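Worth knowing before you read on, the calculation uses all heavy atoms, side chains too, and leaves out hydrogens, waters and symmetry mates. Chain A is the first sequence line, chain B the second, and so forth, proteins listed ahead of strands; every chain is numbered from 1. Please read all numbers here as calculations on a predicted model, not as lab measurements.
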2 protein chains.
Amino acid sequence: MSNVDASRAGATTHAPAAIFAALGDRTRLSLIHRLSDGRPRSIASLSADAAITRQAVTKHLNVLEEAGLVASSRMGRESRYSFRPEAIEEIRAYLDEVSRQWDDALGRLKSFVEK
Amino acid sequence: MSNVDASRAGATTHAPAAIFAALGDRTRLSLIHRLSDGRPRSIASLSADAAITRQAVTKHLNVLEEAGLVASSRMGRESRYSFRPEAIEEIRAYLDEVSRQWDDALGRLKSFVEK
DNA sequence: ATAAAAGGCAACCAGGAGGTTGCATCATGA
DNA sequence: TCATGATGCAACCTCCTGGTTGCCTTTTAT
């Protein structure tokens, strides 16, 4: 289990850095891309056309899950991973904050120059 | 020098994964946060209140620069780093693409159920 | 002219990340 | 019930990363 305490009800505030880090890998990014069509997939299915081992894919999926980007549920003998858009929204909010601060700075500079 | 060819005019298409990876570190995230107020800062200034060495900060700044998140320019004896919002816009576009794909999937599911 | 400030360079180190292989376990279709 | 498919677990390996220390170079203030 992760040390991020994903079991704490509601407050699943996966630090932005962790989410960014999870997205900072080509393989994981392509997994996200494929899962973002809404269709849950098994590990075997996801590693079928991959150049790496099923075990490697499993590790990547674990990273994505701990970051809150995907969710898994066991269905019989296979575990299906599905995309979780909440995490995306979380870092989108973070980016908005950075952009807002930047825009504010631009605004102040502009009004200063005009004065 | 990086192998990303940051000198190619205009087409500074820093792969999303590299940008995400650069943001996937608390220290670098806080550097970005501080620089996003638009005020360029020297390395010494940025590492003044940091818990780590100036050298470590330098390395982080290099990572951010290669990802296109900051730009540096030598001013006398100090080199000033400034925030570069273009990289943020680049990954925001990527996130939009993922979200769009997700929304489309939801839409198809909805119309299927309603039928 | 020189001491102090600001950086750059390089070597070095510990730990983590990405991958692999081997083997055990659980579920299921014949 | 039994072979196969889908995973889980664990050990192991290599390379990258985050950090450090030591020392040299360039500027600048006095």
- Message: If I take atom CG in residue N62(A) and atom C1' in nucleotide dG19(C), what distance separates them, rounded to the nearest angstrom?
- Response: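 Rounded to the whole Å, the gap is 14 Å.
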- Query: Atom CD of E66(B) to atom P of dG18(D): distance rounded to whole Å?
  - Reply: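 Nearest whole value for this atom pair: 12 Å.
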- Message: Give the residues of residues 19-34 of chain A touching DNA chain D, defined as any heavy atom closer than 4.0 Å, sorted by residue number.
- Response: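 By residue number: none to list.
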- Query: Closer to the 5' end of DNA chain C via nearest nucleotide, is it G76(A) or A56(A)?
  - Reply: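 Between the two, 5'-proximity favours A56(A).
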Where the side chain of [X] meets the backbone of [Y], is there a donor-acceptor pair that is under 3.5 Å apart?
X: S47(B); Y: I43(B); value: yes
X: R80(A); Y: S42(A); value: no
X: R84(A); Y: A71(A); value: no

- If a protein heavy atom is under 4.0 Å from the base, mark B; if only from the sugar-phosphate, S; if neither, -; do that for nucleotides 3-15 of chain C going 5' to 3'. --BSBBB------
- Mind checking whether H33(B) and Y94(A) have parallel, tilted or perpendicular rings, split at 30° and 60°?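 Rings of H33(B) and Y94(A): tilted, 30 to 60°.
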- Item | CA sep, side-chain torsions, deciding dist, call: D103(B), R108(B), salt bridge (charged side-chain N to carboxylate O under 4.0 Å, His left out) | CA-CA 9 Å; D103(B) 290 340; R108(B) 274 194 297 277; over 6 Å; no
- Short side-chain N/O contact to dT17(D) OP1/OP2 from H60(B), under 4.0 Å: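 No, because none of the side-chain N or O atoms of H60(B) sits under 4.0 Å from OP1 or OP2 of dT17(D).
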- Message: Measuring to OP1 and OP2 of dG19(D), would you say a side-chain N or O of T53(B) lies under 4.0 angstrom away?
- Response: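 Answer no for this pair, as no side-chain N or O of T53(B) is under 4.0 Å from OP1 or OP2.
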- Message: Hydrophobic clustering (ILVMFWY, side-chain heavy atoms < 4.5 Å, transitive) - are V63(A) and L35(A) grouped together?
- Response: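 Shared cluster, no.
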- Using distance alone, with no hydrogens and no angle criterion, decide if R92(B) and S99(A) have a side-chain donor and acceptor under 3.5 Å apart.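 Checked: R92(B)/S99(A) side chains pair up, N/O donor to acceptor below 3.5 Å.
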- Item | Shortest non-hydrogen contact between T27(A) and D25(A), atoms and distance |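 For T27(A) versus D25(A), the nearest heavy atoms are N-OD1, 2.8 Å.
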